[in-house]
Amino acid sequence: MKALVYHGTKDVSVDSVPDAKIEKPTDVVVKITTTNICGSDLHMYEGRTNVGKGTVLGHENLGRVEEVGNAVDTVKVGDYVCLPFNIGCGFCANCERGLTGFCLTCAEPGSAGAAYGFAGMGPYSGGQAEYLRVPYADFNCLHLPSDVKEKQNDYVMLSDIFPTGWHATRLAGIKPGDSVVIYGAGPVGLMAGISANIQGASKVIIVDRHPDRLKLAEKIGAIAIDDSTGDAVEKVLALTEGLGADCGCEAVGYQCQDHHGHEVPNLTMNNLVKSVKATGGIGVVGVFLPKDPEASNAMAKKGQIAFDFGSFWIKGQNIATGQANVKAYNRKLRDLITAGKAKPSIIISHELPLDQAPAAYKNFDDRKNGWTKVILKPAA
Ligand SMILES: [Zn+2]
Ligand SMILES: [Zn+2]
């Protein structure tokens, strides 16, 4: 089968690789019809992770079930399913508590959490490919309704970014009527904005500097702040009577940059402390890593940032972090899409066949204007 393979820093190609197949009776194989390129794929693309050469990337996957293992009960050949990027078993101590992003069974020994085609998240191949092996299929497959053909580009966002954006707002503790400031208008930040709207936020403020992303932020009804034209914190405070927003979301991650384009790994976290009110909650879903050998400074190489802990403590804020437990949210978010109350496909800029994936990685990585979200159609 054809698949997008990582060969080294900024070096990916579409190659012929062995077909995905049933390896355990609890597996299914899915023919991928829609799969996305994610901002976190770029961390790997840029050589900023320990992902192995030869890995097939792609963790945001949707497709049609092609083959079913003997021990699978509820998933049938021909079903359309969306796969959470995190692979859970359903029966470990963390999955039992709904924390499927931290599965102990599917993870590498000594760690928690597994995903398709992802650094440090187990040996699973990704879905930027014609076919994908799905472990523990009864648990991991989210069934999609009969409008999947028309709404595939919405449903595919249930694999990661819509639940991840929603998770950011839940970690931040948003309540109806709250104001929220979101740093980052990439796909996850925009999904956090849509999620905040659905939950009744009174004001959604999104900070970024890319014109195409800021335009999308406005399109979803948020107040867009361009931090290349002045201090974002001052602008947020001016919009919140000098107190700061009721809660905040971090959707940038460890490679955040100042407006000169220099990486300043603590910038977003410290700006959030300043632009969220005293006692407010901060949800952090942008990716941070325990090691980053290519980082610009000695602390960041060890995954550390200089955090304004004093201000954070004096303000009595709280922070919650980590990857989204997709299965905690994807069923209900699917129902919002089916009912026409959420349309996450609004952020898609490019829909391409698999063989154009290498060029798409380059354009997305260059933050080329207009490349806000790329989806691939391997079955086209
Ligand atoms: Zn993703
Ligand atoms: Zn588990």
Side-chain angles (χ1 to χ4, degrees), residues 4 6 24 26 32 34-46 48-49 51 55-62 82-122 124 126-128 132 134-141 153 155-168 184 186-192 251-255 285-289 322-330 333 344-345 347-348 357 360-361 364-365 372-376:
L4 188 282
Y6 174 80
K24 286 171 119 186
T26 43
I32 296 296
T34 306
T35 178
N36 307 336
I37 301 178
C38 178
S40 56
D41 287 326
L42 299 181
H43 301 314
M44 291 181 277
Y45 179 74
E46 291 173 9
R48 295 284 291 268
T49 70
V51 73
T55 299
V56 174
L57 303 183
H59 59 270
E60 302 189 358
N61 304 310
L62 179 153
C82 184
L83 294 322
F85 76 90
N86 28 48
I87 306 168
C89 69
F91 51 77
C92 74
N94 287 344
C95 283
E96 274 187 355
R97 293 163 59 215
L99 306 173
T100 54
F102 302 87
C103 179
L104 300 167
T105 308
C106 298
E108 289 172 359
S111 65
Y116 302 99
F118 211 93
M121 303 287 274
Y124 309 95
Q128 288 165 9
L132 176 72
V134 177
Y136 300 110
D138 281 312
F139 187 66
N140 287 304
C141 289
N153 293 354
Y155 288 127
V156 72
M157 303 307 174
L158 296 168
S159 58
D160 180 356
I161 59 169
F162 193 12
T164 296
W166 191 274
H167 190 53
V188 168
L190 293 167
M191 291 298 126
V252 179
Y254 70 112
Q255 290 177 296
V285 297
V287 172
F288 287 82
L289 294 174
Q323 60 166 281
N325 305 296
V326 169
K327 273 188 64 81
Y329 311 112
N330 66 355
L333 297 182
S345 63
I347 68 164
I348 294 172
Y361 265 84
F364 191 40
D365 188 55
T372 51
K373 182 73 175 173
V374 180
I375 62 170
L376 303 169

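In what follows, every heavy atom counts, from backbone to side chain, and hydrogens, waters and symmetry copies are set aside. First listed ligand is number 1; within each ligand, the first listed atom is number 1.
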Is there a side chain to side chain contact (heavy atoms under 4.5 Å, CB included) between E60 and I375? Walk through the geometry before answering.
CA-CA 9 Å; E60 302 189 358; I375 62 170; over 6 Å; no
I'd like the atom name of the N/O/S atom in D160 lying closest to the Zn ion (ligand 1).
OD2
Aromatic ring centroids of Y254 and H43 under 6.0 Å?
yes
Look at the N, O or S atoms of D41, main chain and side chain alike, and state whether any lies under 2.8 Å from the Zn ion (ligand 1).
no
For the Zn ion (ligand 1), what is the closest N, O or S atom on H59?
NE2
From the Zn ion (ligand 2) out to just under 2.8 Å, does an N/O/S atom of C106 turn up?
no
Geometric class of the F91/Y136 ring pair [parallel <30°, tilted 30-60°, perpendicular >60°]
perpendicular
In sequence, state the C-alpha distance, the side-chain angles, and the governing distance for F85 and H59, and then conclude on ring-ring contact (aromatic ring centres under 6.0 Å, His included).
CA-CA 5 Å; F85 76 90; H59 59 270; 5.8 Å; yes
Heteroatom of E60 nearest to the Zn ion (ligand 1) (N, O or S, atom name):
OE2
Under 3.5 Å, is there a donor on one side chain and an acceptor on the other for N61 and T35?
yes
Quick check for you: with the Zn ion (ligand 2) as the vertex, what angle do SG of C95 and SG of C89 span, to 10°?
120°
Given the Zn ion (ligand 2) as the apex, I'd like the angle to SG of C92 and SG of C103, rounded to 10 degrees.
120°
Flag the pair P135 / I87 as yes when at least one side-chain heavy-atom distance between them is below 4.5 Å, and no otherwise.
yes
